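These numbers come from a predicted model, not from an experiment. Note that these values count all heavy atoms, side chains included, but never hydrogens, waters or copies made by symmetry. The chains referred to below are lettered A, B, ... by the order of the sequence lines, with proteins before strands, and numbering in each begins at 1.
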Amino acid sequence: MVRISDLHPAICLIPHFLCLIPSNLSLLYMDKRVRVRFAPSPTGGLHLGGMRTVLYNYLFAKQHKGDFILRIEDTDQSRYVPGAEQYIYDCLKWSGLEPDESPVHGGSYGPYRQSERKNIYRSYAEQLVNDGYAYYAFDTPEELEKMRHDFKTESNPSPQYDHSIRMKMRNSLTLSDDETKKLLDANTRHVVRIKMPETEAVSFRDMIRGEIHFDTSVVDDKVLLKADGMPTYHLAVVVDDYSMKISHAFRGEEWLSSAPVHILLWKYLGWKKDMPQWAHLPLILGPNGKLSKRDGAKYGFPVFAMNWIDPKTNELTEGFKEKGFLPEAFINFMALLGWNDGTEQEIFSKEELIQKFSMERVHSSGAKFDYEKAKWFNHEWIKKSEVQSLESGVSFLLSEKGISDIDISVLRKVIGLVKDRCTLLSDFYDQSLFFFLTPEQYDLNAVKPKWNDAKKFFFSEIIRNYELNADWTATTLETNFKEITTVNSIKPGEVLLPFRIMLVGGKFGPGVFDIAEILGKEETIHRIKKAIAVF
RNA sequence: GGCCCGUUCGUCUAAGGGCUAGGACACCACCCUUUCACGGUGGUGAUACGGGUUCGAAUCCCGUACGGGCUACCA
C-alpha cells in the first residue's frame, strides 16, 4: 500500500523524473521484486475468467520485470480430476502465457503443489491456536448440520459458526484444556478454526476498488485446517503467498467476501508488512449472469481456452483454440474485457499489452462476454497475420479433412487470397477447399435460369483459347476472356458468374482469374468442361 | 435474510464538475467490387430512478430500484 506520496521524499522532488515513468508504477513497492501468482485448483477446465486472471497476472509481472508463478491448489482431494493439471499447462502454453515458476517449470520457492506442502500448514495453524487466534473444533458434520438447523430463523436463514455460536459448540474454547488434550491425544477428528474478533473494523486497499471495509462481527470462524490435515484455501493462500514472496495478489471478485479472513491471518501470523497488494478482478458474465461452462453449450460459443473432456462423464466443453481462435486474438479480447488504455485503440499485441496494461484502469464492474466481438478480434488478427504464421494452422486444418500433400507455394498463395474473408481459422476450410478439390456440386440457381447456347459456345471458345495460352497469369487470362466476350458480343457480367460457379461451385471466393491462375491450365479447363456438361 | 461489490447505446467501453455524451462490435442504408468478403461513408441507439451539493453533475454525497458475489472441513 505504498503510494507515491509515501515514497522517499527525494524521489518526489524530481518531477521530471516522475514524468518519465508510467503512472501505474506509482503504486509499486520500489524495494520489492514483483512476484504474482495464478493459483487454480485442478478440478477440470479453465474458463475465460480464469484465463483472464492468468493474463492480467502475466502482463503485470512482465511489465514490472517480475515473476509469474503458477501454484496448484489441490487441497481438496475429493475433487481430484485426472488430467486437469496437465490441461492447465496446455492452455497456458497455447495462449503464450507461460509461468516462470510452477510444478513443472521449477523455481526456488517450491514445491508448487499445495498437496506437496501439506506438513508446513499444520505448524502455522498450531501457532495461531497457541497465540489465541484460532481454536480446535471437534464438531462432527452431523453436529454442524444440527446447528444450522437449530439456529435457522426467518431473519437468519443460514446461521454461521461465528462468535455468537462458537461457545455453544464442541471446541477448545468450550472444553477444558484437559478434555481438549485428551481428544487431541486420542486423534479425534478435528479442524482448526480462526477465532474472528467479535467486532473489529478490517479494511484494506484494493488496487481496483479502493478502500474496502468489513466488520468482523458478520464473518464466521472459517476452517483453516481440515480434518484430513489439509489446509483450506484461506490458510494455504496466506502461508503460500508469504513463503513464495508474492507481492501482488490478483483473484476473482468472488473472493472479496473472504478477504477479511486473509487480512487478519496476515496480521495474526505476524507478516502484515509483507502482505501483498490485492486486486479483485471483476467477473465475466454470460448471457444470464456469471459465465458458466453451461452457457457455452447453450449459446454455442466456447468458454474454455481449449477443448476439455470430463474424464468422468466424457462430456466435451469446447475451447477457443479448437473453435479456430488465434492465441493473439484470444489474449487481445480478454485483455479488453474489463480494461482499456484510455485511448480508442482496440487491437493490441502481447508486447503492447505488457507495456500499457495497468491494474488501476481495470473496471470494477463485471463485463458480459460478447462472442460476436470476440470473433471480430479474431478476424482482425487473421487479416493482419503474415501468411507464413497461418501456414501450419491451415495445413493442419486441411489435412484433418483429408487434404494433404499441398505444394507450399500454392498454399501460401491461397492463404494470402482468402484470409481477409476468414473470421475463424476453421473458415479457411470452406474458403479454400475448391482450390484443392474439383467442385462436385454447383450453385445451379445462380447460373441455370440464364444459361443458353450462346454462353455454352462462349466457353468452348474460352477452352480453345486457354488451351493455347502460354502465359498462364491472372492478367492474361482476364484480357483474353474479355476479348472473347467482345468478339462474341457478350457482356462480361453475363459469363463471369458462370465462370466462377464452374471453378468454385458457389458465389464466393477471391477474383476468378486469380483462382484460375492458381488452379493451373489443366485443372481450369477440366473444370470448365465438367461444368458445361452439367449446366 | 445478512454482508460485500457494482450500474453510460443491445454488448465492450471513453469522458474522473463545463459536450452536440466519443469510439468499437452487432444492426440498417449507401459507395466500392461484373461473386462473397475486405474497405469507405452515413444512420438507429445510453448516463437506472429520486433527492441533494454546485453558476454548472454521467462525474461528488444520500436514498431507492435493479444486477452480481459470498454466506461449505470447495476453491
Side-chain angles (χ1 to χ4, degrees), chain A residues 39-43 73-76 78-79 114 137 139-141 144-145 148 152-162 189-193 206 208-209 212-215 217-220 222-234 236-237 251-260 280 282-283 285 287 289-290 333 336-347 363-377 379-380 383 418-423 427 431 443 446 482 485 491-501 504 506-512:
Chain A
S41 70
T43 50
E73 308 233 340
D74 55 350
T75 52
D76 187 358
S78 66
R79 293 212 300 167
Q114 289 182 332
D139 316 275
T140 63
L144 288 174
E145 199 168 311
R148 288 191 190 106
K152 185 171 177 174
T153 62
E154 208 162 280
S155 63
N156 184 14
S158 42
Q160 306 190 102
Y161 200 122
D162 61 14
R189 280 180 76 81
H190 66 277
V191 301
V192 173
R193 307 187 88 109
D206 187 279
I208 296 171
R209 288 153 216 276
I212 297 176
H213 307 270
F214 294 90
D215 186 331
S217 66
V218 295
V219 349
D220 59 336
K222 291 260 184 269
V223 169
L224 264 21
L225 200 70
K226 298 185 271 190
D228 64 1
M230 280 288 195
T232 59
Y233 172 82
H234 307 294
V237 73
R251 72 224 305 194
E253 189 186 338
E254 66 268 27
W255 291 107
L256 206 47
S257 307
S258 47
H280 290 87
L283 261 15
L285 278 7
K290 191 181 174 185
F333 82 70
L336 273 283
L337 222 43
W339 171 87
N340 72 85
D341 76 338
T343 73
E344 281 169 2
Q345 183 177 351
E346 295 203 272
I347 302 298
H363 268 240
S364 49
S365 53
K368 196 180 283 185
F369 172 60
D370 181 359
Y371 186 47
E372 293 305 318
K373 184 92 186 225
K375 284 196 291 192
W376 174 79
F377 276 106
H379 193 184
E380 291 301 307
K383 280 190 289 178
V418 306
K419 71 188 176 103
D420 281 4
R421 52 203 88 201
C422 294
T423 298
D427 292 336
Q431 291 295 335
D443 182 352
K482 294 207 165 147
T485 57
K491 284 186 201 143
E494 291 184 61
V495 279
L496 232 22
L497 187 62
F499 188 33
R500 166 175 299 280
I501 305 290
V504 176
K507 286 198 287 184
F508 62 95
V512 254

Nucleotide paired to [N] in any strand shown, Watson-Crick or G-U, under 3.5 Å:
N	result
B:rC38	none
B:rA21	none
B:rG50	B:rC62
B:rC70	B:rG2
B:rA75	none

So, is [X] near the phosphate of [N], with a side-chain N or O under 4.0 Å from OP1 or OP2?
X	N	result
A:Ser365	B:rG67	no
A:Lys383	B:rG39	yes
A:Asn340	B:rA14	yes
A:His363	B:rA14	yes
A:Arg251	B:rC70	no
A:Arg193	B:rC73	yes
A:Lys226	B:rA75	yes

Tell whether [X] reaches the base of [N] with its side chain through a donor-acceptor pair below 3.5 angstrom.
X	N	answer
A:Ser155	B:rG1	no
A:Arg421	B:rC36	yes
A:Lys222	B:rA72	no

Please find out if less than 6.0 Å separates the ring center of A:Trp376 from that of A:Phe333. no
Check this for me, if you would: do [X] and [Y] make a salt bridge, where the nitrogen-to-carboxylate-oxygen distance has to be below 4.0 angstrom?
X	Y	result
A:Asp370	A:Lys368	no
A:Glu73	A:Arg79	no
A:Lys375	A:Glu372	yes

What's A:Ala367 touching, base or sugar-phosphate or nothing? Going by heavy atoms closer than 4.0 Å. sugar-phosphate
Hey, are A:Tyr233 and A:Asp76 close enough side-chain-wise for a donor-acceptor pair under 3.5 Å? no
Shorter than 3.5 Å, N or O on both sides, protein versus nucleotides 45-47 of chain B: list them out with atom names.
none

Would A:His280 and A:Arg251 satisfy side-chain hydrogen bond (donor to acceptor under 3.5 Å, both in side chains), going step by step from the backbone distance to the final call? CA-CA 5 Å; A:His280 290 87; A:Arg251 72 224 305 194; 3.0 Å; yes
Would B:rC38 be called syn or anti here, given the cut-off of 90° from 0? syn
